[in-house]
Structures are given as structure tokens and as C-alpha cells.
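Let me begin by presenting the structure, written as C-alpha cells, before commenting on it.
Because the structure is predicted, anything quoted here is derived from the model rather than measured. Whatever order the structure lists them in is the order used to number ligands and atoms, beginning at 1.
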Amino acid sequence: MSTELHHLSNYDEQSVPDASNMCFGVVVAEWNPEITGALLDGTVRTLEKHGAIPENIHIKTVPGSFELIYGAQQMTKNDGFDAIIILGSVIKGETPHFDYICQGVTYGIARLNASQNIPVIYGLLTTNNLQQAKDRSGGKLGNKGDECAIDAIKMAKF
Ligand code: RBF
């Protein structure tokens, strides 16, 4: 669920499996680095909080959110990963690019989930402005990166 009131870092810790034997791939977009860096911090911190060891968290960057599809697809070829997380931030501008990029990434990641054997967790912030992105990357609504880490652990266990 993603509503304005949903706090992204609140979850039931008891419901989260132990991640100490799990291996994760994380693909991060370089656009809006202040936001995606904060998403990555939240993701790594939360994976480690639940037992993941740093050597088992493999991070790659891609130029922009559209490239998250290719980055994630390449990671699905690695049998060693239990889950993959994509992290990006698309902020609405004055051209229709926002809609095209958001739809493209959403469709691309959905396709990977339906066609590959590794869950790909969707950590794409799609916001109308920078403040909304800050609110969801460690601000007043928590950190989408925390949520993605929890979802990745749960889906790895699934
Ligand atoms: N990538 C992002 O991750 N976030 C953005 O907000 C974003 N805005 C873009 C706006 C325009 C007008 C263009 C042309 C690209 C934008 N991109 C953005 C980059 C896009 O995801 C991709 O890296 C490039 O289009 C190259 O394939």
C-alpha cells in the first residue's frame, strides 16, 4: 500500500525472516543522487539489521531509472541472488518524460517478475516534486529503502 499517510519504515519486526543466509542484488539509479543515496542507505541498513552480511549485498549503479530494467535483468542471470531490489527516483518535470519513464520501468520490472525465477522488488519513487521524494527517502514518511529491504527478505523466503 502506498498512500500519503503510509509510513514506509514501520513494520512488524517479528514477521521478518532471518536474512543471514540470503544474498541480495541492488541496482541504484544515479539520477537524483541525494534521494537514491538515501534509499540505498535505508536498504542496506535494514537488510543488515535482519542478518544479511555486507559481502552478500551486491550493489551496482546505472545512469537513470530507465536503465534499472536492464540492470535488474542482468542480475537475474546470477543464480546466487535470492532477491533483487531496484532503487530510483523519478520527479515530475515539464515534459511527458515522467510518464514514459515510470510506465517503462514499471512494465519492465513487472515483466521480469513474471518471467524470471528471482523476485525483483520495485523501489521506484515517482513523485510530483523533490520534497515528496525527500519525505519518502528518510523524511517524515520514512524510507522506501527500508520497505524494499523487508519486501526482499520476505520474497526471498517465499
Ligand atoms: N531518470 C531518473 O532516474 N529520474 C528522473 O527524474 C529522470 N528524469 C528524466 C527527464 C528527462 C527529460 C530525460 C530525458 C531523462 C530523465 N531520466 C531520469 C533519465 C532516464 O531514466 C534515462 O536514464 C535516460 O533517458 C537514458 O536512457
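Here the side chain of N78 pairs no donor or acceptor atom with the backbone of Q74 at under 3.5 angstrom.
Looking at F66 next to ligand 1, an N or O pair under 3.5 Å apart turns up. Taking any N or O of S89, backbone or side chain, at least one lies under 3.5 Å from an N or O belonging to ligand 1. Any N or O atom pair closer than 3.5 Å counts here, and H97 shares no such pair with ligand 1.
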Could you list the donor-acceptor pairs under 3.5 angstrom formed by side chains in residues 150-158, with sequence neighbours left out?
{"from": "K154", "atom 1": "NZ", "to": "S15", "atom 2": "OG", "distance (Å)": "3.4"}

Check the pair I59, V44 against side chain to side chain contact (heavy atoms under 4.5 Å, CB included), reporting the backbone distance first and the verdict last. CA-CA 10 Å; I59 301 163; V44 171; 4.0 Å; yes
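The neighbour count for F81 CZ, taken as heavy atoms of other residues, nucleotides or ligands under 6.0 Å away, is above 12.
If you look at I101 next to ligand 1, the close heavy atoms, those under 4.0 Å, all belong to the side chain.
With ligand atoms numbered from 1 in the order given, ligand 1 contributes 6 (O) to contacts under 4.0 Å with heavy atoms of I91. Annotation for ligand 1: atoms under 4.0 Å from non-hydrogen atoms of V90 are 4 (N), 5 (C), 6 (O). Those atoms of ligand 1 with a heavy atom of N32 less than 4.0 angstrom away are 4 (N), 5 (C), 6 (O).
Hydrophobic clustering, defined by side-chain heavy atoms of Ile, Leu, Val, Met, Phe, Trp and Tyr closer than 4.5 Å, leaves I53 isolated from every other such residue.
If you check which protein heavy atom lies closest to atom 22 (C) of ligand 1, you get E67 OE1, 3.4 Å. The protein atom (non-hydrogen) at minimum distance from atom 3 (O) of ligand 1 is S65 OG, 2.6 Å. For atom 8 (N) of ligand 1, the nearest non-hydrogen atom of the protein is W31 CZ3, 3.2 Å.
Put simply, the side chain of L87 reaches to within 4.5 Å of the side chain of V26, judged on heavy atoms. Under the 4.5 Å side-chain criterion, counting only non-hydrogen atoms from C-beta, N113 is in contact with I109.
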